[in-house]
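Below you'll find the structure, written out as structure tokens, and then a few comments.
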2 protein chains.
Amino acid sequence: MSDLQKPVRTIADLAKIAGVSAGTVSRALAGNSLVNAKTRKKIEQLAREHDFRPNQMASKLRRQKTGVIGVIIPLGHDRHQQISDTFFMTLLGHLADELTEKGYDLMLRRVIPQQDEDWLDRFIRSGMIDGVLVIGQSNQFDRIEEIADGYLPMVVWGNHQEGQRHCVVGADNRLGGRMAAERLITAGAKRLAFLGDTGPFEFAARFAGARDVADRMGVGIEPVSVHLSPDQTGREIATFLAERRDEIDGIFAASDTIAFACLRELQRMNVPVPQQMKLIGFDDLPIAAQTIPPLTTIHQDISAGAHGMVDLLLRRLDKEDTESLVLPPRLVIRGTA
Amino acid sequence: MSDLQKPVRTIADLAKIAGVSAGTVSRALAGNSLVNAKTRKKIEQLAREHDFRPNQMASKLRRQKTGVIGVIIPLGHDRHQQISDTFFMTLLGHLADELTEKGYDLMLRRVIPQQDEDWLDRFIRSGMIDGVLVIGQSNQFDRIEEIADGYLPMVVWGNHQEGQRHCVVGADNRLGGRMAAERLITAGAKRLAFLGDTGPFEFAARFAGARDVADRMGVGIEPVSVHLSPDQTGREIATFLAERRDEIDGIFAASDTIAFACLRELQRMNVPVPQQMKLIGFDDLPIAAQTIPPLTTIHQDISAGAHGMVDLLLRRLDKEDTESLVLPPRLVIRGTA
DNA sequence: ATGAAAGCGCTAACAG
DNA sequence: CTGTTAGCGCTTTCAT
């Protein structure tokens, strides 16, 4: 009942009151089978009574292993939004689930590569994490490639390029881009715009895929740079539409988030969708089914992606040099194209 | 160019090649003004050349300070969804932004209190974090209260109860609940249902607020338990509506996420909204403006909430015993009620 | 089965 | 301004 003894903060404290050595306590608490069952019971009991928690920092330092996986989000092109980007946050949620299940903790870091050249190396070599998941290549493809040469336990969410060296998980963006353009054209569009910054590799691949198809079909398509910060997006799209909406009749938005903003602006301008303007997104966020009209888009399986990333990372922690995982995108036809 | 020397892994290695002591290197790298500018330059230069990164684990252990804030999400009532819950994930995104800005790293942990009584204490006393942010009280109010008595640097997102001891940030849920019911009734509803589990305190308060008003206005309201896992939600709502939709004409959904699912089911059943059924949500997620019809809901300022949580936590790290922060909710009238 | 001892890599108090 | 010294709290040989 009374708790006036000085608190038991270290393994040494506990050892003293248990009448054994620190080594034995450490072994007992680690479930080491070498220690006598009776003394182990006693130590466990004492630990509970005194509400003892071993210091993880010390343990990690000594064992040179942290049980922590770093998750890093590079904000290369768009400084602000993106960590608040629904797609990435949903992916993060699934990653947290998967990692927790495997007994790892997750350390989250947001970085702006422009302000810190060394963002990835610094994190990896901080001694705080056993491996790293990079969410999005942003415009940092080359830096990630460099790191991959000397560091195995890294898996990246992003786009797969022919012959790349880092292990990546992601949808086949180019194929998805083709599907999107095909759909717009099938639905009757003749002059397309791609709404999104083509700096990030994933977006670039989506645009490239769309252009493959547009060129083949003899249809024009042009990229329109759009930023992802919540206030900018709407304004930029509005400006674009105000100036050019008569020149196009089909829009491929680089992500659902952009598509939502675009849809809102189109409604504000009373442009009927899909009659006068076809629109297609990318991601298939849960709410894509609930806009007015519901959004036609390219589906990515986020949950499968998260599962794949963690699976590959764990194998890499076991020194296996795994291949990349490219997931098939899927066209979901709803009401906007 | 050539890099065949053995790598410089520790401060001692660097000290040797710099011809100074480890202590000096440590001070130089920490920017300690006591060290000679010239020797500091030299050490920094050498560190760069040899690509040296100090081991954070060792530093943290020695300094008894980690520079890491723990963010923990208790999944008390609904095991699966919730970390993938849009509201919490958005809050998390903002927290990451705020913490990064203040120079802290963020350690994310998802726990299921039923499986681990000790979830909060274990995290706090792991030695890995300087303070903790709890996202959602779930059904763990009492445990959080206990911890608060002996641990200052903790701030919780959730509901404020009269006389509680832990520092909480969140909307005034009861007031929000009142606003919601008032709106439904003003819009003409006479028999209400509350869609959501009343176990979590935030939801309970929303329901209580709604009941305050319903009782005062002589209108019936009953809670309908709904789980938050993505597949369950839809089915449970469908079942409820199939059996009881004739008995009610106004639905207060405990969160926008539930409201979206509800709206979808209503559409599937061809129940006209808002003519035959009024619907109101809670949160005002960005896409609430984009459903068919756009969702009437109670707005919570997530960004202000995140800012408040971090601000309070930092003050608590400075030993200040801060008050809770209750944010005003705001009714946003759109198309569903 | 347990104890003693030697660090993991870094920082900070204390001298000079 | 810099070197020396003594740990932070834990794990793991190496003995016994």
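A note on names: the letters A, B, ... follow the listed sequences, proteins ahead of strands, and every chain is numbered from 1.
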Of the residues in residues 118-132 of chain B, which ones touch DNA chain C at a heavy-atom distance under 4.0 Å? none
Can you sort out the partners of A/Glu146 under salt bridge (charged side-chain N to carboxylate O under 4.0 Å, His left out), two or more places apart, ordered by chain and number? none
Salt bridge (Lys or Arg N to Asp or Glu O under 4.0 Å) pairs, two or more places apart, involving residues 51-61 of chain A: A/Asp51-A/Arg53, A/Asp51-B/Arg125, A/Arg53-B/Asp118, A/Arg53-B/Asp121
With respect to A/Val25, which candidate in A/Thr39, A/Ile11, A/Leu46 satisfies the side-chain contact (heavy atoms from CB on, under 4.5 Å) definition? A/Ile11
Test of understanding: with ring pair (Phe, Tyr, Trp, His ring centres under 6.0 Å), list the residues that count as partners of A/His307, not counting sequence neighbours. none
Using C1' atoms of five pairs at each end, report the bend of the helix from C/dA1-D/dT16 to C/dG16-D/dC1 rounded to 10 degrees. 40°
If a protein heavy atom is under 4.0 Å from the base, mark B; if only from the sugar-phosphate, S; if neither, -; do that for nucleotides 8-16 of chain D going 5' to 3'. BBBBBB---
A/Glu202 side-chain N/O to A/Gly136 backbone N/O, donor-acceptor pair under 3.5 Å: no
Could you work out, with salt bridge (charged side-chain N to carboxylate O under 4.0 Å, His left out) as the rule, every residue matching A/Asp142, not counting sequence neighbours? none
DNA chain C: 5'-most and 3'-most nucleotides touching chain B, 4.0 angstrom heavy-atom criterion: C/dG9 to C/dA13
Which residues pass the salt bridge (charged side-chain N to carboxylate O under 4.0 Å, His left out) test with A/Asp105, not counting sequence neighbours? B/Arg109
Applying ring pair (Phe, Tyr, Trp, His ring centres under 6.0 Å) to A/Phe87 and not counting sequence neighbours gives A/Trp157
Between the main-chain N or O of B/Ala12 and the side-chain N or O of B/Thr10, is there a donor-acceptor pair closer than 3.5 Å? yes
Do the side chain of A/Gln164 and the main chain of A/Gln161 share a donor and acceptor less than 3.5 angstrom apart? yes
Which residues pass the salt bridge (charged side-chain N to carboxylate O under 4.0 Å, His left out) test with A/Arg63, not counting sequence neighbours? none
Can you name the ring pair (Phe, Tyr, Trp, His ring centres under 6.0 Å) partners of B/Phe141, sequence neighbours left out? B/His166, B/Phe201
